[in-house]
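Data first, discussion second: the structure below is written as structure tokens.
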Amino acid sequence: MAGVRVGLKNLHYALLTKDDATGATYGAPKKIIGAITANISPSTNTETLYSDDGPSDVASALGEITVELNVKDLPLDIQAELLGHTLGSDGVLLKNANDQAPYVAIGFESLKSNGKKRFVWLYKGKFQPAEEEYQTKEDSPTFQTPTIEGTFVKREFDGNWQAVGDEDATGFTEATAAAWFTSVYEKSAA
């Protein structure tokens with residue numbers, strides 16, 4: 001029986017170090033603890049061709065993909081890596097107007113209602129500095145969790161932008177699930 005997504009955990013990111021006609025390579029995935037939400041919003045541009053007094057053909061093209069992550073916390077070292085800021089040896093994060101965010105991949109898993117998991121990698125995107133809001137503590141504490149937004153695109157190497165695997169899908173193996181966060185998923189040659 002197919003399951004419905006009911007969870008989110010194991011949020012990871014990996015720096016994209018190369019993306020050209022010869023291939024794509026990534027650094028080792030690193031975990032972001034405390035995933036709350038992950039919203040993936042692809043945009044599609046569609047045009048309709050009219051002929052003989054009516055619509056006769058439709059063409060679509062993938063546009064940018066907006067990714068919004070809400071997490072329990074975004075530690076300063078992770079902010080430095082995701083946004084291109086500098087983390088000093090004294091533990092202070094310095095944000096400069098000339099900072100450039102690197103391209104990264106984002107991966108996570110989602111528990112399904114049938115007890116199986118869905119695994120996801122988004123291959124190439126950059127995050128923007130997040131809006132920060134601070135609120136005084138009142139009688140009833142209010143959690144203030146950060147949200148970071150990025151724009152993802154297809155890879156130059158092969159045009160892929162996302163990989164999704166369901167644990168209960170035909171052909172998906174335990175080995176694929178076990179290796180999902182040891183490196184960014186790539187289609188096997190076999």
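As the structure is a computational prediction, the values presented were derived from the model and not from experiment.
- Distance alone, capped at 3.5 Å, places no donor-acceptor pair between the Thr151 side chain and the Thr66 backbone.
- The line from OG of Ser41 to CD of Glu64 is 10.5 Å long, rounded to the nearest 0.5 Å.
- Cluster membership check: Phe157 does not share its hydrophobic cluster with Val104, using side-chain heavy-atom separations under 4.5 Å among Ile, Leu, Val, Met, Phe, Trp and Tyr.
- No donor-acceptor pair closer than 3.5 Å links the side chain of Asp166 to the backbone N or O of Asp168.
- Contacts of Thr173 classified as side-chain contact (heavy atoms from CB on, under 4.5 Å), with partners at least two apart in sequence or in another chain: Ala175, Thr176.
- Residues Gln144 and Gln135 have side chains in contact (heavy-atom distance under 4.5 Å, counting atoms from C-beta outward).
- You'll find the side chain of Arg5 reaches within 4.5 Å of the side chain of Arg118, heavy atoms only.
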The test is side-chain hydrogen bond (donor to acceptor under 3.5 Å, both in side chains); show your working for Lys31 and Asn10 and say whether it passes.
CA-CA 7 Å; Lys31 190 169 186 175; Asn10 284 331; 2.8 Å; yes
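- Put simply, CD on Glu149 and OG1 on Thr147 are 9.5 Å apart, with the number rounded to the nearest 0.5 Å.
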Taking it one step at a time, do Trp161 and Phe152 satisfy ring pair (Phe, Tyr, Trp, His ring centres under 6.0 Å)?
CA-CA 8 Å; Trp161 66 274; Phe152 282 67; 9.1 Å; no
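- Within the 4.5 Å cutoff, the side chain of Val120 has heavy atoms near those of the Gln162 side chain.
- Residue Lys112 places its NZ atom among more than 12 non-hydrogen atoms of other residues, nucleotides or ligands, all under 6.0 Å distant.
- Looking at Thr17, its side chain never comes within 3.5 Å of a backbone N or O of Gly27 through a donor-acceptor pair.
- Using modelled atom types, no side-chain atom of Asp57 and backbone atom of Leu49 make a donor-acceptor pair closer than 3.5 Å.
- For Leu62, the CG atom counts as densely surrounded, since its 6.0 Å shell holds more than 12 non-hydrogen atoms of other residues, nucleotides or ligands.
- Residues Ile148 and Leu83 have side chains in contact (heavy-atom distance under 4.5 Å, counting atoms from C-beta outward).
- A 4.5 Å side-chain heavy-atom check between Thr46 and Val58 finds at least one atom pair inside the cut-off.
- Taking CG of Leu82 as the reference point, atom CD1 of Ile32 lies at 5.5 Å (rounded to 0.5 Å).
- In terms of hydrophobic clustering, with Ile, Leu, Val, Met, Phe, Trp and Tyr side chains grouped at heavy-atom distances under 4.5 Å, Leu15 and Trp121 are assigned to different clusters.
- In this structure, the side chains of Leu11 and Lys9 stay at 4.5 Å or more apart for every pair of heavy atoms.
- A donor-acceptor pair under 3.5 Å links the side-chain atoms of Tyr123 to the main chain of Tyr185, judged by distance alone.
- Salt bridge annotation for Lys30-Glu81: present, with a cationic side-chain nitrogen under 4.0 angstrom from a carboxylate oxygen.
- For the pair Glu186 and Arg155, the salt-bridge criterion is met [side-chain N within less than 4.0 Å of a carboxylate O].
- Within a 6.0 Å sphere centred on CG of Asp90, other residues, nucleotides and ligands contribute more than 12 heavy atoms.
- Counting non-hydrogen atoms of neighbouring residues, nucleotides and ligands closer than 6.0 angstrom, the NZ atom of Lys72 reaches no more than 12 such neighbours.
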What do the steps show when you test Ser51 against Ser56 for side-chain hydrogen bond (donor to acceptor under 3.5 Å, both in side chains), and what is the final call?
CA-CA 6 Å; Ser51 64; Ser56 63; 2.8 Å; yes
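- Between Pro146 and the options Leu69, Leu74, Ile36, a side chain to side chain contact (heavy atoms under 4.5 Å, CB included) holds for only Leu74.
- In terms of the side-chain contact (heavy atoms from CB on, under 4.5 Å) criterion, residue partners of Tyr103 (sequence neighbours excluded) are, by chain and number, Leu16, Lys124, Lys126.
- With respect to Lys117 and Glu109, a salt bridge is recorded, a charged nitrogen being found less than 4.0 Å from a carboxylate O.
- Thr44 and Ser60 share no side-chain donor-acceptor pair at under 3.5 Å.
- Of the possible polar contacts, one joining the Asn96 side chain to the Asn98 backbone as a donor-acceptor pair under 3.5 Å is found.
- You'll find the ring centres of Phe119 and Phe108 outside the 6.0 Å limit.
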